[in-house]
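For reference, the structure discussed in these notes is given below.
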Amino acid sequence: MDSIQKIEKKWQKYWKDHHTFEAKIDKNKEKYYYLVEFPYPSGAGLHVGHVRSYTALDAMARKKRLMGYNVLFPMGWDAFGAPAEQYAIKNHIHPSAAVKENIKTFKAQIEDLGISFDWSREFSTTDPEYYKWTQWQFLQFFKKGMAYKAKKNINWCPKCKTGLSNEDSSGGVCERCGTQVEQREKEQWMLRMSDYAEDLIEGLKDTDFQERTKTAQINWIGKSVGAEVDFKLKQVDEKLTIYTTRPDTLFGVTFMVIAPEHPYVDLYSGLISNMNEVIDYREQANKKTEFERTQLVKDKTGVKLEGLTAINPVNGKEIPIYISDYVMMNYGTGAIMAVPAHDQRDYDFAKKFGIDIIPVLAPVYLGDDAPVEGKKNTEREVVVVVVKHPKEDQYLCVRYQKFGWQSFIMGGIEDDEDPEGAARREVMEETGYTDIKNVQSLSFVFQEKFYAAHKDVNRLTTNHVLVVELGSLEQKEMSEEEKNIQEPVWVSKKELRDFLNFETHKKICDFLESGGQAFIEDGTHINSDLLNGLNKQEAIDTIIGYLEEQGIGHKKTNYKLQDWIFTRQRFWGEPIPLIYCEECGWVPVPEEDLPVLLPDVAEYEPTDDGESPLARIDEFVNTTCPHCGKPAKRETDTMPNWAGSSWYWLRYMDPHNDQEFVGKDALKYWGKVDWYNGGMEHATRHLLYARFWNQFLYNEGLVPNKEPFKVRASHGMILGEGGVKMSKSLGNVINPDDIVSSYGADALRTYEMFIGDYEKEATWSEQGLIGCRRFLDKVIRLADKVVEKQEYSKEIEKDIHRTVKKVTEDMDSLKFNTAISALMILLNKMEKMDSITSMDYRTYLILLNPIAPHLTEELNEIHKLGNPICESSWPTYDDAMLEDSEKEIAVQVNGKVRATITVSMDDDDKEIEKKAMAAENVQKHIEGKDVVKVIVIKGKIVNIVVK
RNA sequence: GCGGGUAUGGCGGAAUUGGCAGACGCACUAGACUUAGGAUCUAGCGCCGCAAGGCUUGCAGGUUCAACUCCUGUUACCCGCACCA
């Protein structure tokens, strides 16, 4: 046999010469469209991670073809972007030259792997024939008002000297270089992606994406349902509109916060007496990077607007207004109502600024004695008083002898009392301490439902928790009788939890220890007028109804998803095909003038002034208005590198069409991508952009499906030996070329498919690779046993059918590792036989072909087993051949395996039971015991239960 | 903080969806053979134990004749989002 490399080259040439993998529209065949994310052709060349996903889809594609499907499996290049530009800047050559060079390397590497891409459909996003249509589609957005230019604060990377979309500056750093982004005001082209927020969530239902991909998208879109509420300003006849998801807590509003950039700050600067302080704060906030704003989460800052207040629309209370950078201008209305009792951020702010905290929602606990049905229901307002020792770290508790209660001091609030008064009275009455220095009401209120045995009624108590400080231990005399009813006890902080026998009082300990926190869970509304007694959801519905009735608010859904910033101030991207005319405004370049080509000059450096390098090229900039013919200027910003990848799968269907971006017939036949493979890092960027783009085209009637992709799968990363990420600096990068030249492409492919769960990370192991090479060598040696015969060997006939089934199913669900394992098992069996038939061998080779295509073709040819495998069909299996007539099953005694017995498929349960009981070791374990039960699961197991 | 995920021998990982845990591969051990290699073949290989046997799927409970699998709680790690009201 020739060397591995020679064989691989030979078959690669064969497939190329015979156009084996070129897809043609064939209405008699069912289509299947496999897509793998096209790479950015970097100078570093192919990575073993690319090999993993390309091979996986290649294996599925090859198998589907053998099964008779018309498979589209294309490849191309996503070549706009920074690295090529950097290279060009350094070496003063046009980026397209560098791109051309890199593509050549990449393509040769992929061809060496024997991936069955249809190269007749290859293109690069940087080809003018391609980006002509990217520009054309941008104009469709423009014409529908879906692209607009807006001056706004954008994310600016000072290193790359370009604006970035929110998706590209996630976490406040530039996706490309990791630099902290700054906020810069700039005019930018935007695509109205936020209009599609709901559709992008809804559309997920029509896809089979992995759960993690769906949730990543849903989180990014960030839908929240709430209400907008208008608060009148006291000093002027104007209202401040806020957005909240918790309109049910409206009665607990004690202040409001607006974003530092909120327009009201300037609008009402005349009314604000501390404007200097406010402006100061705003400037500081502006200087903070996104990073600083989010890193200092805990520490709230802000300034009160003196002289400007709002009125709570539901109770008429006057409410102070603050500015603070914890409220963002770009979400909701840039203003919030603050309810410190029920929002942690508001709570932190209120604590820092000494603002009131009013609980309006109380948790409801069930007492130890549950309410009894049929008993009278009564309600009571109650205080629970935590008394601090004046010197020691101790708390005053009470032992209520009669009921065995050990608790804080408790008591009812009388009609003419407030909670504070009740607290004072109860402390004095029950414990005799009189020197009460200070009573503080905690923002902790809870309700408890229980059966009050001493009164024989059901009770619902609303418990107000107060903290009392004593000035001294001055105490009035208490009678023995009183002490017998209730005995005051000082308990140290450490023993407090053990002493208290009320669960609710332990919760008070939690609250005190945590330093206080907002209550954000569900409960029952209190202090809330029409909402009292309702739970969270009921109250939200009720109050929204009320607000709408009164015309002071309405239900509102908000999304975090924002419009797509679609311009970059860089050279190496698609020029935006628009012209600015003093007379006519923005005018699209006429379709017949597309593409607007990137000029061919040697100045690619980005500029500090935020202008694209294209702005320096007069011949490019100066043109005439297509509308009125007067002198006009071209847009000089370019598109982001996500533009070209937002529709490339459509172009593959019809890549050479110079009349349309894709022909109708091709669209109709190939439809949507059936299986799309790509990296997890694109779950919220490329994948969202692509879906948005496609949905827009769908709404314009330009494509037949609203969702472009059916299945989305992603491969796990391949880590270097030792489980660390492969990186140049660690020097542990595996170059696929080296592996191919020393072990062969088939061995590399087999190994990468065998390495583990396709969707999880995997660690590279040279030894593992060698193991796979050995496996292929064994397959070669197996040929020595072959005798010509057109039927399966009786001995392994069933094994072959089972393996066909296993491999067929596993390969469709990315379980390549178990498919290969099944093939190894079958191989081990065949190796033990004296001879195998040519049909055994050929079937085996076809099953292995999708994984190791070169070797299997070669063996098939040199042993004259039949047509080239790529021109043959996938084997089928017979269900009747899957089961053995006899089977070994386990016999358990009390769940422990004690023996195995051989049963025939025709044996009935009685027969099996008889055999099980007869087994020697079973006898030993049931001897002298009662057989309680015998469970026979046919074909699986017998379990004998004894006592 | 919110959301998603993972946890099984020395290692990568299997387990028909509740039915013999550790398939298959790697590493390792012993032996055979040789053309001395990235060999090949045979046997062994979760842990404790001479054995009988016992223990074992992150940890603690529960349901069941039977739990890696279902339920409750808990820990650790990974990923995504995050002052989003």
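All heavy atoms count here, side chains included; hydrogens, waters and symmetry mates do not. Letters A, B, ... mirror the listed sequences (proteins, then strands); counts begin at 1. Here the structure is a predicted model, which means the values were calculated and not measured.
- With both pairing distances under 3.5 Å, B/rA66 is matched to nothing as a Watson-Crick or G-U wobble pair.
- Using Watson-Crick or G-U wobble geometry with both donor-acceptor distances under 3.5 Å, B/rA60 finds its partner in B/rU72.
- A donor N or O paired with an acceptor N or O is not found under 3.5 Å between the base of B/rC20 and the side-chain atoms of A/Lys940.
- In this structure, B/rG3 and B/rC79 make a Watson-Crick or G-U wobble pair, each of the two defining distances being under 3.5 angstrom.
- Base pairing annotation: B/rG53 forms a Watson-Crick or G-U wobble pair with B/rC48, both donor-acceptor distances under 3.5 Å.
- Classified by its glycosidic torsion, B/rU29 falls in the anti category, the angle being over 90° from 0.
- Using a 90° window around 0 for the glycosidic torsion, B/rG58 falls outside it and is classed as anti.
- Between A/His682 and A/Trp642, the ring-plane angle classifies as perpendicular under the 30° and 60° cut-offs.
- Between B/rC70 and B/rA76, the two P atoms lie 22 Å apart (nearest whole Å).
- As rounded to the nearest Å, B/rG61 and B/rG12 have C1' atoms that lie 32 Å from one another.
- Pairing of B/rA32, defined by two Watson-Crick or G-U wobble distances under 3.5 Å, is identified with B/rU40.
- With hydrogens and angles ignored, no donor-acceptor pair under 3.5 angstrom links the side chain of A/Asn219 to the base of B/rC81.
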